[in-house]
Amino acid sequence: MEQTAPAPSWLDPSTADAASVLTEDTQEMLRQWRGFMTARLVLGFVLVLLQTALYATGTIHNNAQIAISAAYLVGTLASQLWIRPRPLGQSFNRVWGALVGLDLLTFSALQMLQIGTTSTINYTPLFALPILVASVLGSLRLALGTAAGITVLMLVEALLSYLKGPTDATPYFAQSALSGVGYFAIAWLSNQLSTRLANEGKRARQSQLAATIQRQVNELVIEALPDGVMVVDERGCVRAANPAARQLLGSQQALRAAVFDLNDEVGWRPLLNLTRLSVGTGHGQEEDVTIRHGNHGPRRVHARTRLAVQQGDSGESLCVLFLQDQRELEARVRTERMASMGRLSTAVAHEIRNPLSAITQANALLDEDISDPRMKKLTAMVGQNAKRLEKIVNDILNISRVQPYDPSHLMPTLPLDALTHRICSDWATQTASQQRLTLHPGDQATGVRFDTEHLRRVLVNLLDNARRHTEDQPDAIQVYASVSDAQHATVSIWSDSAPMDQSVERHLFEPFFSSDSRSSGLGLYICRELCERHDASLIYQRSVRDARGQPTEGNEFVITFRRVESQDNAPSVEMTTTPWQPTLY
């Protein structure tokens with residue numbers, strides 16, 4: 001089934017996310033840099049046009065001001081092309097000289113060239129541009145230093161004006177001093193505002209980053225939840241749903257569509273009615289409902305609703321629907337029940353051992369004192385069943401203890417291929433399944449350490465499961481024996497069965513879990529426990545095999561054994577000595 005892949009991890013924002021904040025800061029500085037450079041270019045063009053117009057109208061007679069304006073325009077273009085955008089820093093440097101220094105030199109030159117002329121143009125307001133550049137792109141110290149330099153230049157210009165024509169110098173110096181104070185104020189205020197805006201922008205970006213991370217983490221958690229979560233509006237349209245909810249709904253539309261409607265499927269009506277009831281009453285609801293879909297059987301789901309906040313000005317309410325598969329709840333109950341039954345069965349098995357030993361001894365003594373053949377037959381039956389009961393008790397104790405494989409324990413080395421062939425052949429004869437079973441041979445020299453009766457129980461259980469879910473057709477059930485590597489060998493039981501439901505597959509090897517009400521649900525659990533008892537493994541997978549001349553997908557259970565070098569301590573069971581050929585039953 002197609003599922004949306006989980007999103008990448010957002011739990012560590014110290015790398016990529018911190019780099020994102022740094023990139024935003026850099027972009028902000030670049031925007032300010034481009035803004036100032038554009039202003040300087042526009043000012044350069046205006047100065048060139050102004051000086052040209054003044055010279056053409058005869059207002060000024062010296063073309064030096066035109067040359068200075070043109071040089072300023074060229075210098076501004078060169079600085080934009082060759083200087084890399086960066087903050088001006090804390091003190092005067094080359095970048096400051098190329099930007100602010102060029103402005104100060106140009107505007108001062110234009111202002112001083114007017115001394116002794118009839119021109120009344122005042123260029124001192126243009127000093128606001130270099131002060132703003134130093135305040136925004138530099139530090140407070142650099143901004144105040146720039147303002148101090150401009151004030152000194154204006155005082156020098158006032159002094160030169162006084163020396164050119166002895167008049168009352170008070171207005172000149174007062175005007176220069178007042179302008180200097182204003183420039184200091186502009187420098188301080190501009191730097192404070194720029195710093196504050198930069199800090200606010202950084203905090204806003206960090207807050208946005210934190211909110212984004214939190215939202216992504218919430219989405220990641222919701223996507224990974226085993227319970228279903230859906231966001232439904234009052235019309236029944238599902239705005240969002242996690243994979244667990246889509247699996248519970250059981251429709252291809254729910255699995256693939258980003259947005260779908262609960263009105264589209266009749267089996268979803270209980271969820272729709274519960275959502276409308278919750279929106280209509282304004283309170284959360286809780287109910288056990290049954291979801292039915294054509295491709296799946298009925299699913300019992302525990303549904304809970306919670307109302308979300310209203311969206312926008314329309315006042316539309318959203319309902320959050322939580323779905324929990326009843327099978328999950330039952331699985332937890334079965335696990336707890338299994339733990340209790342495991343303790344109980346262990347205690348009962350211990351209690352049975354003592355009277356069983358007494359029965360066995362009494363039967364042996366009785367067998368010595370009687371000679372009647374009929375009585376001998378009865379004591380033999382008692383002895384056989386006592387041994388069988390003793391083996392069952394030992395199996396229960398071994399499974400309850402979950403004893404691992406012990407290499408020091410004397411375990412017979414079995415010829416895996418021959419014994420598998422024998423067990424499968426006997427099963428096919430007893431169940432009249434010769435038509436559907438096909439055996440594929442492996443390496444006859446492969447030996448594994450496994451109890452013969454336990455291996456029979458595992459294979460017979462897997463074959464019974466395969467037979468229960470297949471039709472009586474050739475190649476419906478296939479058994480493969482192979483050597484996977486130098487240390488492992490495998491036996492695979494494949495059947496052309498339909499895919500398992502995801503909720504069934506998830507609990508396949510749990511005790512007391514079964515999709516068939518007539519089954520105890522212990523078969524696969526015991527099979528896996530027996531395999532692990534002998535240092536083997538049992539897994540389920542979907543695979544493609546050749547059946548009836550064409551590739552067919554089916555269910556496959558794979559047992560992986562640990563190989564042994566030699567076949568010593570051969571089992572005391574009668575084994576066929578004929579070569580194992582591919583057999584079709």
Side-chain angles (χ1 to χ4, degrees), residues 331 334-335 338 342 394-424 427 439-443 445-466 469 477-495 497 499-500 502 504-514 519 521-545 553-565 567 571:
R334 282 192 297 270
T335 301
M338 182 58 189
N394 292 332
D395 288 345
I396 292 176
L397 291 176
N398 289 336
I399 292 177
S400 64
R401 295 166 185 165
V402 194
Q403 296 177 355
Y405 171 73
D406 185 3
S408 63
H409 181 70
L410 185 61
M411 185 73 67
T413 300
L414 305 179
L416 182 61
D417 291 358
L419 185 57
T420 301
H421 181 275
R422 174 68 176 273
I423 294 172
C424 295
W427 173 85
L439 299 177
H440 299 270
D443 186 1
T446 302
V448 297
R449 293 193 183 275
F450 213 100
D451 183 82
T452 306
E453 186 59 29
H454 287 174
L455 181 60
R456 182 183 300 276
R457 290 175 61 182
V458 171
L459 292 178
V460 168
N461 191 290
L462 297 177
L463 290 170
D464 287 339
N465 285 343
H469 297 93
I477 303 174
Q478 301 184 36
V479 179
Y480 294 84
S482 62
V483 176
S484 56
D485 54 45
Q487 297 180 347
H488 299 89
T490 61
V491 172
S492 304
I493 293 86
W494 180 90
S495 61
S497 310
M500 293 186 186
Q502 290 292 331
V504 175
E505 182 181 346
R506 191 180 303 118
H507 307 288
L508 195 59
F509 294 98
E510 292 183 4
F512 302 108
F513 180 84
S514 176
S519 175
L522 284 173
L524 291 177
Y525 169 74
I526 293 178
C527 287
R528 171 171 279 188
E529 291 294 327
L530 290 175
C531 289
E532 293 179 354
R533 166 72 174 81
H534 296 83
D535 197 25
S537 63
L538 174 63
I539 63 171
Y540 161 79
Q541 62 186 17
R542 290 285 293 177
S543 62
V544 177
R545 299 287 190 180
E553 187 177 16
N555 296 325
E556 184 175 31
F557 289 88
V558 181
I559 310 173
T560 303
F561 303 88
R562 185 177 295 276
R563 298 178 62 190
V564 293
E565 296 296 333
Q567 297 184 10

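Between Cys531 and Ile559, the shortest heavy-atom distance links the atoms SG-CG2, 4.0 Å. Closest approach of Arg449 to Val564, counting heavy atoms only: CG-CG1, 3.6 Å. Here the closest heavy-atom approach between residue Ser497 and residue Ala466 is recorded as OG-O, 4.5 Å. In this structure, Arg563 and Ala489 approach most closely via the heavy-atom pair CG-N, 3.7 Å.
Note that the NE2 atom of His440 and the OG atom of Ser482 stand 11.5 Å from one another [nearest 0.5 Å]. In this structure, CG in Leu414 is found 12.0 Å from NE2 in His454, a value given to the nearest 0.5 Å. Taken from CG in Leu419 to OG1 in Thr452, the straight-line distance is 5.5 Å, to the nearest 0.5 Å. Atom CH2 of Trp494 and atom CD of Gln478 lie 5.0 Å apart (nearest 0.5 Å). Tyr480 OH to Leu439 CG: the interatomic distance, rounded to the nearest 0.5 Å, is 10.5 Å. In this structure, Ile477 CD1 and Trp427 CH2 are separated by 4.0 Å, a value rounded to the nearest 0.5 Å.
By the 4.5 Å heavy-atom criterion applied to side chains, Asn465 and Ile493 are not counted as neighbours. Using a 4.5 Å heavy-atom threshold, the side chains of Leu530 and Asp451 count as separate. Val479 is listed as a side-chain neighbour of Leu463, based on a closest heavy-atom distance under 4.5 Å. The shortest distance between side-chain heavy atoms of Leu524 and Tyr540 does not fall below 4.5 Å. Considering only heavy atoms from C-beta on, Asn555 comes within 4.5 Å of Arg542 through its side chain. Residues Phe561 and Leu416 have side chains in contact (heavy-atom distance under 4.5 Å, counting atoms from C-beta outward). Contact of the Thr490 side chain with the His488 side chain is not registered, since no non-hydrogen atoms from C-beta on lie closer than 4.5 Å.
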Verdict with supporting geometry, Val448 and Leu455, side-chain contact (heavy atoms from CB on, under 4.5 Å): CA-CA 11 Å; Val448 297; Leu455 181 60; 5.7 Å; no
Let me see the working for Thr560 and Ile539 under side-chain contact (heavy atoms from CB on, under 4.5 Å), right down to the final yes or no. CA-CA 9 Å; Thr560 303; Ile539 63 171; 5.9 Å; no
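Checked against salt bridge (Lys or Arg N to Asp or Glu O under 4.0 Å), Arg528 has no partners two or more places apart in sequence or in another chain.
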